[in-house]
Amino acid sequence: MKHIQTLGNRDYEKSLKHGGCGECQTSCQSACKTSCTVGNQSCENREQTK
Amino acid sequence: MIHKIRDKGFNIIMDINSGAVHVVDDLVFEIVSLMERDSEISDESVCRSLSPEYSENEIIEALEEVRTLIKQKYLFSPDIYKDYAKEFIERQAEEGIIKAMCLHVAHDCNLKCAYCFAGEGEYHGDRGLMDFETGKAALDFLMDRSGSRVNLEVDFFGGEPTMNFDVVKRLVSYGREQEKIRNKKFRFTLTTNGILLNDEILDFVNAQMGNLVLSIDGRKEVNDRMRPTANGLGSSYDIIVPKFLKAAKSRNQTNYYVRGTYTHYNTDFAKDVLHLHDLGFEQISVEPVVCDPSEPYAIQESDIDVLCEQYDILVDEIIKIRKSGGFINFFHFMLDLSGGPCLAKRVKGCGSGTEYVAVTPNGDIYPCHQFAGEKEFLMGNVKTGMDRPDIAKNFSRCNVYSKADCKDCFAKFYCSGGCAANAYHSTGDINSTYKIGCALQRKRLECAVILKAALGDS
């Protein structure tokens, strides 16, 4: 596209198919402990990233 | 639902319900703004509105791109997840799986941090150290309740966990032994103030722990004001900085964070972040204090604008550092736009009280570390099991769709409804929101997206 560059796209609808496996890190175990930082965790389900 | 950001020379359009984030030119930004105001607007009306500033050919070309994204459901996509979320959350509550634990091996501390939610390590109770048998029962409890989950997380926390490090070592050894037998994988973290950190502890942590969290607030005067030594003598900053630098280096500047707290006393906290970077740290997390609003150091609503400016300053400085060949990772700006959590996780949040619990030195179970010691949240004990399933049930209901304030918030699938403890301590309701935290979260998300655009990575 000439006018639009997509920086990233998690495609939540697609993630419904294999989502919710629960293997990803709990946000408070990373560094925060006082806020909720789900958005900066990574998905650990290989099916999700196919 | 979309969210538009125009900052630092970038036009950004976030499509909230798909997770797509687009960088667009001025023309598309104008077109999308018109569509946001009138979702039924015709191409002819768009052309009329934007002529003669743009040629008709240009407008038609840009419109085609916009219409393509809409068709792909990557722009103005609908929220279709409410029923899915309800079903997923109910299923998860029924399974009752626990996979992460904050293990309070020491309710005692060798610092007297003014803002400590643990009440200088005691958590509204007596000082105490966890014995090995209780820790072992906690790990057994976690494994027993983890169902089919393979990855289990245990954060050795306090108080100050290095005050009970022999038990930490024995528990890690027990966990490693059990993970082979039970097909589990423990991910251990140590959160420490560094006072007792030495080579022996560091070697053990580097061999066994996937993450190390090192508590320091930034500039010496800022750190020492809120993090004085237990006897009030000397500077905790002077004690910990050399140790933390050694730790960061020994971990090749990865898999650790220096983690600070900013308060009303240092609303210029960008200087603290940059000070930590100047010292030689690359993985940095500095976060707003969470405390009783009546405390003199509590963040006030009137601080929000100043704090937001600080995040802007940080974006500028991080861009400068990264573009000049240096490296800094600010935890709250981390964002994986294409490979982040699935929708199920984004709806449900941190999992406190459900898949994540905290365990105190005597084995009592609480929804998370921030509730430890608050008796109305005591869920059970690792030796006798859960005897308040109603608490887990209440926590399981916390989600993006259960909180009125989240409904129209562009950050809802990034903070996932926010921290239940912050909500409770500011409003008395775990299913509410902490408004100051929300304002800062929204700012950090905007900054994180701008940073992605500026650094050209995703």
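Chain letters run A, B, ... following the sequence lines, proteins first and then strands; every chain starts at 1.
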What part of [X] lies closer than 4.5 angstrom to a heavy atom of chain A: side chain, backbone, both or neither?
X      : result
B:A62  : both
B:I31  : neither
B:R346 : both
B:V150 : both
B:T261 : neither
B:F331 : both
B:F157 : side chain
B:E287 : side chain
B:V23  : both
B:E58  : backbone
B:Q370 : side chain
B:V28  : side chain
B:Y81  : side chain
B:K99  : side chain

Look up atom [atom1] in [X] and atom [atom2] in [Y], then write down how far apart they are to the nearest 0.5 Å.
X      : Y      : atom1 : atom2 : result
B:C398 : B:K348 : SG    : NZ    : 6.5 Å
B:I98  : B:S146 : CD1   : OG    : 9.5 Å
B:I5   : B:N11  : CD1   : CG    : 10.5 Å
A:Q5   : B:H22  : CD    : NE2   : 11.0 Å

Ring geometry between B:F188 and B:F186 (parallel below 30°, tilted from 30 to 60°, perpendicular above 60°): parallel
Geometric class of the B:F88/B:Y84 ring pair [parallel <30°, tilted 30-60°, perpendicular >60°]: parallel
Highest number of heavy-atom pairs under 4.5 Å with chain A: which of [options]?
options                       : result
B:Q441, B:R259, B:K73, B:E64  : B:R259
B:Y257, B:Y74, B:Y434         : B:Y74
B:G437, B:C350, B:S148        : B:C350
B:D15, B:V21, B:V449          : B:V21
B:H332, B:M101, B:E61, B:Q92  : B:E61
B:V347, B:L440, B:L152, B:N17 : B:N17

Step-by-step side chain to side chain contact (heavy atoms under 4.5 Å, CB included) determination, B:H369 to B:D155: CA-CA 10 Å; B:H369 52 287; B:D155 183 9; over 6 Å; no
Option passing side-chain contact (heavy atoms from CB on, under 4.5 Å) with A:I4 (candidates B:D25, B:V24, B:I13): B:V24
Worked check of side chain to side chain contact (heavy atoms under 4.5 Å, CB included) between A:C24 and A:Q41: CA-CA 7 Å; A:C24 52; A:Q41 308 299 312; 5.5 Å; no
Candidate pair B:T189 and B:R187, rule side chain to side chain contact (heavy atoms under 4.5 Å, CB included), full reasoning: CA-CA 7 Å; B:T189 296; B:R187 293 167 169 178; 6.0 Å; no
Salt bridge present between B:K185 and A:E44 (N-O < 4.0 angstrom): no
Between A:H3 and B:F29, ring centroids under 6.0 Å: no
